[in-house]
Each structure stands twice: as structure tokens, then as C-alpha cells.
Amino acid sequence: MQGRRAVIVAGAAAAILALLLVLFLVLPKMAEVTTAEGELQDAKAEQQTLSVQLNALKQARDEAPQNEATIRDIEGRVPPTANLPSVILFLRNSATVAGVQVLSLTPATPVPEPSGGFSSIAVSASGHGSYFALVKYLHELETLPRAATVESIDLSPSEGTVLSFAATITLYTSDVSSGPGSEPGPTEQGAIPGA
């Protein structure tokens, strides 16, 4: 009986020792492994994010020359001053090239856009010409050396194959100080023109 008791005590001691080893050695290592796995997942997610950002930056670098050329083109087509006499000259020359008779060109006062980056100048135009001359006129307006958009055009028959038109054309300037009482010329937002 004594031998049996010794085996039971030895077995219980071994079980307690195994339990203590599990509690003090295995469980902390398992917790460390779980923590390390979480950190590994976080690192993989961050690597994917950084990889996407790197690809976007490489694409931006590759497209930079084309984007810079586009920016230069737009800056060239949106002058720093309203220069209304040149607006009227551009519009009259476009009509002459197209074979359209312009009866009136009325530029409105330049209006700063809410974004604050530029001002727009609405021009009311009216006149007459053939259908094909008017199509050529619209093409000439859209391809002016200065940025312009035809906002609306109303056509009505006149005599024979001649059509009368009334159009609203918008031109742009980077002069945010354009408008009533301001001096033309580029200024910083909030700055007083001529100061």
C-alpha cells in the first residue's frame, strides 16, 4: 500500500509540476505568440498601405511632366488680368474667321468665383450667320487661346438660310480682385489692390 501511495503521490506531484510548467512557461509564451501574431498582421496591413501609397507616388512621379504641361497650358489660357478689350477682340476675330456677323458683344463685370481661385467674365453675344458659319464660330470660341466656354446659345430662323443667335460665353481670369471698384491685376486673396 505504501508503494501505491508513493506512486499516487509521485503522479500527483508530476501533475502539479506539469500544471505549474503550463501556467508559468507555456501560457505566457502562448500569449507572446498571440501578441506577435497580432503585430505581424498589423505590420502586413501597414505594408500593404505603404505599398499602395508607393505605387500612387510612382504614378504621380511618372505623370508629373504631363500634369505640369497641362498646368502651364491652363495658366497660359487663364490670364492674370481681365483685359476686356482683348476679350472683345478675340470674340470679334473668331466671328470674322467663321463668317458670322456679330451685332453685339456685352461683357459683364468680372465676378470672383466662390472658390477664390479665379474670376469669370460672362459675355452676351448676338448676331447672325449660316448654320455652318455658326458651327465654325462655336468651334473658334472653344479653341480660343484664352479659356472660354459657351454656356448657352439660342438659335432662331432669320431670312433664308440665315440664323439669328444669342449666346452667353464665359471667359476666365486668375485675377481674383476683378469686379466693381477694383484695379485689374493679380493679387493675393484678402490683399488690397494697389496697396
Side-chain angles (χ1 to χ4, degrees), residues 1-83 108-122 138-139 141-153 168-180 182-195:
M1 208 66 167
Q2 286 254 348
R4 214 178 221 201
R5 195 178 234 181
V7 171
I8 293 174
V9 170
I16 291 173
L17 181 61
L19 183 62
L20 289 174
L21 286 174
V22 167
L23 286 175
F24 290 109
L25 293 178
V26 175
L27 290 180
K29 292 296 180 189
M30 287 177 63
E32 288 178 16
V33 168
T34 303
T35 302
E37 286 175 347
E39 290 173 355
L40 178 63
Q41 293 302 324
D42 292 345
K44 285 182 179 179
E46 184 177 357
Q47 179 185 10
Q48 287 177 339
T49 302
L50 292 173
S51 178
V52 168
Q53 288 176 349
L54 177 63
N55 289 338
L57 290 172
K58 284 181 179 178
Q59 182 179 359
R61 179 197 63 206
D62 294 343
E63 295 174 354
Q66 179 183 357
N67 293 339
E68 288 172 357
T70 301
I71 289 169
R72 281 192 300 276
D73 178 52
I74 290 171
E75 285 175 345
R77 293 174 49 98
V78 179
T81 59
N83 197 359
T109 303
V111 177
E113 291 295 317
S115 66
F118 61 95
S119 296
S120 61
I121 306 163
L138 292 173
H139 174 73
L141 292 176
E142 293 291 332
T143 57
L144 282 173
R146 184 171 177 155
T149 55
V150 178
E151 303 295 333
S152 67
I153 185 164
T168 303
I169 306 158
T170 303
L171 291 103
Y172 306 93
T173 177
S174 59
D175 179 9
V176 294
S177 68
S178 291
S182 67
E183 296 177 20
T187 62
E188 291 183 16
Q189 190 155 353
I192 297 171

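- Here the shortest heavy-atom pairing between Thr173 and Pro79 reads OG1-O, 2.9 Å.
- The minimum heavy-atom distance between Tyr172 and Thr149, with the atom names listed, is OH-OG1, 3.1 Å.
- Heavy-atom minimum distance, Pro112 versus Ser119: CA-OG, 3.5 Å.
- Taken to the nearest 0.5 Å, the CD1 atom of Ile169 stands 8.0 Å off from the CD1 atom of Ile153.
- Atom CD of Glu39 sits about 11.5 Å away from atom CD of Gln41, to the nearest 0.5 Å.
- Within the model, atoms CG of Leu171 and CG of Asn83 stand 11.0 Å from one another, a figure rounded to the nearest 0.5 Å.
- Here the closest heavy-atom approach between residue Glu142 and residue Ala148 is recorded as OE1-O, 3.8 Å.
- To the nearest 0.5 Å, atoms CG (Leu54) and OG1 (Thr49) are separated by 12.5 Å.
- For the pair Ser51 (side chain) and Gln47 (backbone), a donor-acceptor distance under 3.5 Å is absent.
- In this structure, NE2 in His139 is found 4.0 Å from OG1 in Thr143, a value given to the nearest 0.5 Å.
- Atom CZ of Arg61 and atom CG of Asn67 lie 13.5 Å apart (nearest 0.5 Å).
- Using a 4.5 Å heavy-atom cutoff, the side chains of Asn55 and Gln59 are not in contact.
- The shortest non-hydrogen separation linking Val78 to Ala147 is CG2-CB, 4.0 Å.
- Shown here for Ala108 and Ile121, the closest heavy-atom pair between the two residues is O-CG2, 3.7 Å.
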